[in-house]
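First comes the structure, then the notes that go with it.
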Amino acid sequence: MDDATAELPTAALTYLATPKDRIGPLLEQLFTADAIVHDDGHTHVGLTAIRNWNNAVTSAFSYTRTISAIEVRHSAAVVIVRLDGNFPGSPVDLHHHFSLHEDKICAMTICP
């Protein structure tokens, strides 16, 4: 962990630092049971839906993530992440907006 990521809440850092294909077993540790993920125009509510979304992304694309900027305010964090992989438009910088409750992600929005 470098100085830039030191301020990032543990759940958000773990989510971003863990390869997508290894996130599945960690979902219950990282997300609240009723968490909401908004990505690519779709909303995924609850751990089952988030697991299905993660599995679909994992099977469709390979990519690496590089954190380029972090802003943390109270129980929220915005992280700009460069994704570089085998998907249309690669590479792309995406904003990951995390809302946290009791050290878990309760909402995450991924957008350009």
Side-chain angles (χ1 to χ4, degrees):
M1 180 174 0
D2 62 27
D3 290 341
T5 59
E7 66 182 290
L8 197 56
T10 301
L13 178 59
T14 301
Y15 172 81
L16 291 170
T18 303
K20 263 314 220 190
D21 62 344
R22 296 188 182 173
I23 288 285
L26 302 176
L27 284 177
E28 290 181 9
Q29 296 170 29
L30 300 178
F31 290 87
T32 61
D34 59 350
I36 300 169
V37 171
H38 302 281
D39 181 39
D40 200 26
H42 300 280
T43 301
H44 313 277
V45 180
L47 290 173
T48 299
I50 293 169
R51 185 179 314 281
N52 292 339
W53 160 76
N54 183 74
N55 291 342
V57 171
T58 299
S59 64
F61 306 110
S62 296
Y63 56 87
T64 58
R65 291 182 270 203
T66 305
I67 295 173
S68 59
I70 297 171
E71 184 175 345
V72 176
R73 292 185 186 223
H74 307 289
S75 61
V78 177
V79 184
I80 300 174
V81 180
R82 173 155 284 229
L83 271 65
D84 200 348
N86 67 344
F87 56 89
S90 176
V92 64
D93 291 326
L94 295 177
H95 292 78
H96 289 62
H97 298 250
F98 294 94
S99 295
L100 295 109
H101 177 71
E102 297 180 358
D103 300 321
K104 288 188 174 185
I105 301 164
C106 59
M108 179 174 70
T109 298
I110 301 171
C111 56

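Fair warning: this is a prediction, and the values are worked out from it, not measured in the lab.
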- Task: Without swapping roles, check the side chain of Arg82 against the backbone of Ser68 for a donor-acceptor pair under 3.5 Å.
- Result: no

- Query: How about Val57 and Tyr63: do any of their side-chain heavy atoms sit closer than 4.5 Å?
  - Reply: yes

- Message: Set out, in order, the CA-CA distance, both residues' side-chain angles and the distance that settles side chain to side chain contact (heavy atoms under 4.5 Å, CB included) for Leu16 and His96, then state yes or no.
- Response: CA-CA 9 Å; Leu16 291 170; His96 289 62; 3.9 Å; yes

- Item | Sub-4.5 Å side-chain heavy-atom contact between Leu8 and Val79 | yes

- Message: If we ignore hydrogens and angles and just use 3.5 Å, is the side chain of Asp21 paired with the main-chain N or O of Thr58 as donor and acceptor?
- Response: no

- Item | Reported OG1-to-CH2 distance for the pair Thr48 and Trp53, which is rounded to 0.5 angstrom | 14.5 Å

- Following the transitive rule for hydrophobic clusters with a side-chain heavy-atom cut-off under 4.5 Å over Ile, Leu, Val, Met, Phe, Trp and Tyr, establish whether Leu26 and Ile110 coincide in one cluster. yes

- Ignoring hydrogens and geometry, is there a side-chain-to-backbone donor-acceptor pair from Asn54 to Lys20 under 3.5 Å? yes

- Item | For Glu71, side-chain hydrogen bond (donor to acceptor under 3.5 Å, both in side chains) partners two or more places apart | Arg73

- Drop me the distance from His38's NE2 to Thr109's OG1, to the nearest 0.5 angstrom. 4.5 Å

- Message: Could you tell me if the side chain of Leu83 sits less than 4.5 Å from the side chain of Thr64, heavy atoms only?
- Response: no

- Note on the structure: So CD of Glu102 and OG of Ser75: to nearest 0.5 Å the spacing works out to 11.0 Å

- Message: Is any side-chain heavy atom of Phe31 closer than 4.5 Å to one of Val37?
- Response: yes

- Item | Close side-chain approach of Pro112 to Asp93, heavy-atom, < 4.5 Å | no

- Task: Please report the closest heavy-atom contact between Ala11 and Lys104, naming both atoms and the distance.
- Result: CB-CA, 4.2 Å

- Shared hydrophobic cluster, Ile105 / Val45 (ILVMFWY, side-chain heavy atoms < 4.5 Å): no

- Item | Interatomic distance, Leu30 atom CG to Ile23 atom CD1 [nearest 0.5 angstrom] | 6.0 Å

- Indicate yes or no: at least one non-hydrogen side-chain atom of Asp103 is less than 4.5 angstrom from one of Thr10. no

- Could you give me the CA-CA distance, side-chain angles and deciding distance for His101 and Thr32, then say whether side-chain hydrogen bond (donor to acceptor under 3.5 Å, both in side chains) is met? CA-CA 8 Å; His101 177 71; Thr32 61; over 6 Å; no

- Calculate, to the nearest 0.5 Å, the distance between atoms CD1 and CD belonging to Ile50 and Glu28 respectively. 11.0 Å

- Query: Mind checking whether Val78 and Tyr15 sit in one hydrophobic cluster, side chains of I, L, V, M, F, W, Y counted as touching below 4.5 Å?
  - Reply: no

- Message: Are Ile36 and Thr43 packed together at the side-chain level, in the sense that at least one heavy-atom pair is separated by less than 4.5 angstrom?
- Response: yes

- Is Thr18 reaching over with its side chain to a backbone N or O of Thr14, donor-acceptor style, under 3.5 angstrom? yes

- Message: A side-chain contact here means heavy atoms from C-beta on lying under 4.5 Å apart; do Ser99 and Met108 qualify?
- Response: no

- Message: Please verify the inter-ring angle class for His42 with His44; under 30° counts as parallel, over 60° as perpendicular, anything in between as tilted.
- Response: tilted

- Taking the side chain from Arg65 and the backbone from Asp84, do they hold a donor-acceptor pair closer than 3.5 Å? no

- Of all heavy-atom pairs between Ala77 and Pro9, which one has the smallest distance, and what is that distance? CB-CD, 4.2 Å

